[in-house]
Protein chains: 2
Amino acid sequence: MMSIFGRLVLMSNDAPEASRAVEPELSDDISFLLARANALSLAAGNSALSTHGLRVRSYSVLALAAGRSRTSQRELAEFLRLDPSQVVALVDELQVRGLIRREPDPADRRANVVIATDDGRAVLAVAAASARSAERALHVGLSAAERVQLTELLRRIAFPGVG
Amino acid sequence: MMSIFGRLVLMSNDAPEASRAVEPELSDDISFLLARANALSLAAGNSALSTHGLRVRSYSVLALAAGRSRTSQRELAEFLRLDPSQVVALVDELQVRGLIRREPDPADRRANVVIATDDGRAVLAVAAASARSAERALHVGLSAAERVQLTELLRRIAFPGVG
DNA sequence: TATTGTTATACTCTATAACTATA
DNA sequence: TATAGTTATAGAGTATAACAATA
């Protein structure tokens, strides 16, 4: 019997219309493909980053803290689509390890700006190399042009209203 | 001060190379964009499906059970990237509600083929409409051609080695 | 010996509500 | 009155290991 994976190929492009109209096909869903691609990406990313004592989420916080935007915890939460309370725990952990520090925002004493330390930047630099090579493995089947294309399309879904 | 979101636009395409080389930029990461896009997609999907007493994962199982592939629990797990033990719980739940049934595979008595009941197909039909409209809202900014393009690119990441 | 489904368990992630200090 | 950060808690998702039935 043909497996469910085998059917993927048939359905992708040139299957006769009649065979697609019978029932909703999951494998045509952008949402489903997004979920599966993300699951693979997350697993590969966590695996690659574990060497450096990081996971995808802590790596993301560290990377943003190393940026030039003087990002507050609130902005971090919004950008990473995390609840502010989750950011507290992530920032705590990275701060204990001396990779980032909280700096009160002079303009708004409620807010903490999160900034990478020199140690943090050093860890980030090597971790980023691992992360990139894991990412490369993920879309090794895509050409450079296709990667750019995918990045742009994803950005418009991930950040609607920007650009 | 420019927010981290504001910087997104600048970095997307034509930022001078010098400003990108300073540190790794999260917003250029396919992995990060995948995670954020998926988070939005998952939230929208779960919200849309909750009306029908489903979530994205149970909907996925139901949709595959309604397909013509006579899919085993093992195949379900592989396709949805879930552990077989998680599939047990999802199938249990849908079976209790009478939406699917387990049918022993005559060819391999270890395996259960999961099949949607008529009730299950009816629920799926209306739930699918909700799911599709939630998905549409997600990529409303994309043209039809871009949606096809994105689907194809995602498929190659989500199912490496197929096609 | 290996695989399918199952049970059990622990850990991570997600979602909510409430509190404090500032605005 | 609203917002930034924090604490606490519960529910959903993820990862592993072990076991019975069958291959």
Side-chain angles (χ1 to χ4, degrees), chain A residues 1 3-4 32 34-36 38-47 49-50 53-61 65 70-96 100-114, chain B residues 1 3-4 35-36 38-47 49-50 53-61 65 70-96 100-114:
Chain A
M1 180 209 300
S3 89
I4 195 169
F32 166 66
L34 223 37
R36 198 175 200 277
N38 180 56
L40 293 171
S41 161
L42 203 60
N46 280 333
S47 163
L49 290 168
S50 68
L54 294 170
R55 298 178 62 77
V56 166
R57 302 176 79 184
S58 44
Y59 170 80
S60 300
V61 170
R70 292 187 55 79
T71 312
S72 72
Q73 292 188 199
R74 178 70 216 297
E75 289 171 314
L76 246 59
E78 216 174 317
F79 195 73
L80 298 175
R81 263 224 116 221
L82 303 175
D83 192 88
S85 64
Q86 302 167 34
V87 173
V88 172
L90 288 165
V91 168
D92 279 351
E93 179 206 324
L94 291 170
Q95 189 173 34
V96 165
I100 62 175
R101 63 174 197 277
R102 288 171 164 99
E103 192 171 285
D105 185 344
D108 183 344
R109 284 185 300 168
R110 293 173 304 181
N112 292 332
V113 172
V114 178
Chain B
M1 181 210 300
S3 90
I4 196 170
R36 198 176 201 276
N38 180 55
L40 293 172
S41 160
L42 203 59
N46 279 333
S47 164
L49 289 168
S50 68
L54 294 169
R55 298 179 63 75
V56 166
R57 301 175 79 183
S58 44
Y59 171 80
S60 300
V61 170
R70 291 187 57 80
T71 312
S72 73
Q73 292 187 198
R74 177 74 214 296
E75 289 172 314
L76 244 59
E78 215 174 318
F79 195 73
L80 298 175
R81 266 221 113 225
L82 303 175
D83 192 88
S85 63
Q86 303 167 33
V87 173
V88 172
L90 288 165
V91 168
D92 279 350
E93 179 207 324
L94 291 170
Q95 189 174 31
V96 164
I100 63 176
R101 64 173 197 278
R102 287 172 165 98
E103 192 172 283
D105 185 345
D108 182 345
R109 282 185 300 167
R110 293 173 302 181
N112 292 331
V113 171
V114 178

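The figures here come from the full heavy-atom set of this structure, side chains too, leaving out hydrogens, waters and symmetry mates. Below, chains carry the letters A, B, ... as their sequence lines are ordered, and counting in each starts from 1.
Side chain of B:A111, nearest nucleotide from D:dG5, C:dT4, C:dT16: C:dT4. Nearest nucleotide to the side chain of B:R57, out of D:dG5, C:dT6, D:dG13: D:dG13. Of the candidate nucleotides D:dG5, C:dT4, C:dT6, C:dT4 has the atom lying nearest to any side-chain atom of B:R74.
Residues A:L40 and B:R81 meet the side-chain proximity criterion, which asks for heavy atoms closer than 4.5 Å.
In the interface, the side chain of B:R110 is paired with the base of C:dT3 through a donor and an acceptor atom under 3.5 Å apart.
Put simply, the side chain of A:N46 gets close to the backbone of A:V56: a donor and an acceptor are under 3.5 Å apart.
Protein atom CZ of B:R55 is 10 Å distant from nucleotide atom C1' of C:dA15, rounded to whole Å. At whole-Å resolution of the value, CD in A:E75 and P in D:dT3 are 15 Å apart. Summarising the geometry, the separation between CG on B:L90 and P on D:dT14 is reported as 10 Å, rounded to the nearest angstrom. For the pair A:D83 CG and C:dA18 P, the interatomic distance rounds to 14 Å; values are reported in whole Å. We find that CG of A:D92 is positioned 9 Å from C1' of D:dT6, with the value rounded to whole Å. Residue B:L76 contributes atom CG, which lies 9 Å from atom P of C:dG5 at whole-angstrom precision. Atom pair A:L82:CG and C:dC13:C1' shows a separation of 9 Å (rounding to whole Å applied). Counting to the nearest Å, the C1' atom of D:dA4 and the CD atom of A:E78 are 12 Å from each other.
As judged by a 4.0 angstrom heavy-atom cut-off over every strand, A:N112 is placed among residues touching the sugar-phosphate backbone only. When heavy atoms are screened at a 4.0 angstrom cut-off, A:R102 is found touching the sugar-phosphate backbone but no base atom. Nucleic acid contact class of B:D108 (heavy atoms, under 4.0 Å, all strands): sugar-phosphate only.
Taking the six-membered ring for Trp, B:F79 and A:F32 have ring centres closer than 6.0 Å.
Comment: A:D92 engages A:R102 in a salt bridge, judged by a side-chain N to carboxylate O separation of less than 4.0 angstrom.
Checking B:Q86 against A:S85, the closest nucleotide of DNA chain C that is more toward the 5' end is the one next to B:Q86. Comparing B:V56 and A:V91 against DNA chain D, the residue whose closest nucleotide sits nearer the 5' end is A:V91.
Of all non-hydrogen atoms in A:L34 and B:S41, the two that sit nearest each other are CD2-CB, 4.0 Å.
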